[in-house]
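These notes are about the structure you will find just below.
As the structure is a computational prediction, the values presented were derived from the model and not from experiment.
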Amino acid sequence: MTPRGWREYRPTMRCSARALLFSALLAATGAASSASAEDAYPESGPRDGATVKDHVRRGRRARNAGQWTEAYASYKAAFEAADPASSTERERAELAGELGVCELALRRYRDAAEHLAFSLEQRTALPLALQLRFEKGEREATSHVATLVLSVDPPDAEVLVDGKWVGRVARTYKLFLEPGQRIVRASAPGRLDGFHEFGAVAATAYNVRMPLARLAVSQAPESAPGSPKETPKTRSSSPVVRAQASSPWTSWPGALRITGIGLTLATGSLGAVFMVRARAADGDLDERNAKLDAVGVSQGVCRETPKPSACAELTSLQRERDLFAGLGTAMVVTSGVVGAATLASFFTDFSSLQDEPTKARVALVPAVAPTQAGLVAYGAW
């Protein structure tokens with residue numbers, strides 16, 4: 001190779017070196033740009049797609065600028081777009097907590113309490129700083145709402161609060177409610193519905209257990225097993241028959257007891273009125289006899305004929321006295337008999353008249369004599 005040829009070869013080597021240097025600079029610039037992009041959304045955030053990343057970036061910028069409405073919209077979009085299959089537990093907890101903080105700033109206390117509580121359920125996956133910030137937000141949010149811890153059995157029961165479906169199936173629910181009157185209902189196939197109504201007060205926790213009793217065989221809807229016409233909608237729309245405790249006043253012995261008490265009071269009252277009226281007539285009769293004695297007319301004159309006019313008045317008063325005295329005595333005796341029978345019915349066993357007789361017990365039967373009334377007891381004791 002001649003020197004000239006060497007001189008011609010050297011510029012070629014210089015161009016190659018310059019090209020290599022330029023390529024290295026481009027690679028370094030690209031790496032720096034990529035690092036800056038990752039710094040804008042650190043690895044602790046969701047990694048399930050660029051859409052979630054964009055929402056989180058906008059949410060952080062709006063939150064730092066104090067624009068809570070825009071921050072709420074961005075974090076809500078990110079939380080709804082995050083795929084549970086590809087996102088981590090920490091990512092979902094952080095998104096829920098940030099959304100709750102935005103709702104707290106917007107005074108959406110119930111939603112804030114729900115999202116912050118959901119986030120803190122995975123507190124072990126969160127850094128300590130986020131735990132403290134979300135716990136502080138949860139305390140503030142729950143001070144404006146009521147907390148209901150509801151236990152339902154069976155766990156697959158449908159739970160509605162104020163007619164709105166809760167939206168998940170669990171044995172225990174932790175619900176946050178706005179202050180006011182609230183109605184909780186739980187229903188399940190083959191069970192009696194459960195209801196609970198209460199007045200929700202802010203910053204107050206309520207613990208409610210709602211076990212749903214099984215329906216009796218006669219109360220369960222009759223349908224062929226495996227029938228294609230039977231649907232959940234048909235079962236839930238059928239009327240529910242509530243089991244009620246039997247009362248001694250709703251059966252026929254109870255009706256007779258009520259009637260007996262009423263007759264006892266009525267006949268006793270009428271007997272007392274008639275006895276008072278007979279006593280008044282007897283007083284008038286004594287007064288008229290005293291007046292006749294004062295004028296020298298004896299009682300034997302009324303047996304002679306013709307009778308004086310004063311005798312007719314005495315006879316009328318005597319008949320009135322005897323009538324009211326008889327009626328009063330009859331009413332009082334009737335009241336005593338009916339009252340004794342009514343009282344005895346409370347100690348009498350009527351199970352022998354039912355389908356399943358019970359064991360023999362003591363029975364009381366009223367007994368009335370011309371001069372006395374009482375109860376006769378018989379049986380085994």
Side-chain angles (χ1 to χ4, degrees), residues 242-381:
R242 296 185 175 277
Q244 296 181 355
S246 61
S247 172
W249 301 101
T250 58
S251 59
W252 66 267
L256 290 179
R257 289 165 183 160
I258 296 175
T259 305
I261 293 174
L263 287 176
T264 301
L265 295 176
T267 54
S269 300
L270 287 176
V273 172
F274 290 153
M275 295 295 287
V276 170
R277 185 69 184 88
R279 178 64 61 87
D282 187 62
D284 293 341
L285 185 61
D286 292 340
E287 183 179 354
R288 295 300 174 89
N289 285 327
K291 290 181 178 180
L292 291 175
D293 292 339
V295 297
V297 178
S298 63
Q299 297 181 359
V301 175
C302 294
R303 298 188 185 95
E304 299 176 356
T305 55
K307 298 179 181 179
S309 61
C311 293
E313 188 177 359
L314 290 176
T315 303
S316 176
L317 288 174
Q318 186 175 4
R319 289 176 180 175
E320 182 180 354
R321 179 198 62 185
D322 295 341
L323 174 62
F324 284 110
L327 290 175
T329 303
M331 289 296 179
V332 170
V333 172
T334 304
S335 175
V337 172
V338 176
T342 304
L343 180 62
S345 68
F346 287 96
F347 301 96
T348 304
D349 186 7
F350 294 100
S351 59
S352 60
L353 302 178
Q354 300 175 354
D355 296 336
E356 297 181 358
T358 59
K359 297 181 180 179
R361 296 180 182 177
V362 178
L364 300 176
V365 177
V368 181
T371 58
Q372 59 183 358
L375 299 175
V376 177
Y378 66 91
W381 62 89

Which donor-acceptor pairs under 3.5 Å do side chains of residues 271-281 form with protein atoms, sequence neighbours excluded?
from	atom 1	to	atom 2	distance (Å)
R277	NH1	E320	OE2	3.3
R277	NH2	E320	OE2	2.3

Check your understanding: When you measure from the side chain of S335 to the backbone N and O of M331, does any donor-acceptor pair fall under 3.5 Å?
Key -> no
Check your understanding: Got a second to check how far T342's OG1 is from L263's CG, nearest 0.5 Å?
Key -> 7.5 Å
Revision key, fill the gap. When T264, T259, L343, V333 are each screened for side chain to side chain contact (heavy atoms under 4.5 Å, CB included) with V338, the one that passes is T264
**Study point:** Rounded distance [0.5 Å steps], CG in L327 versus CG in D322
**Key:** 11.0 Å
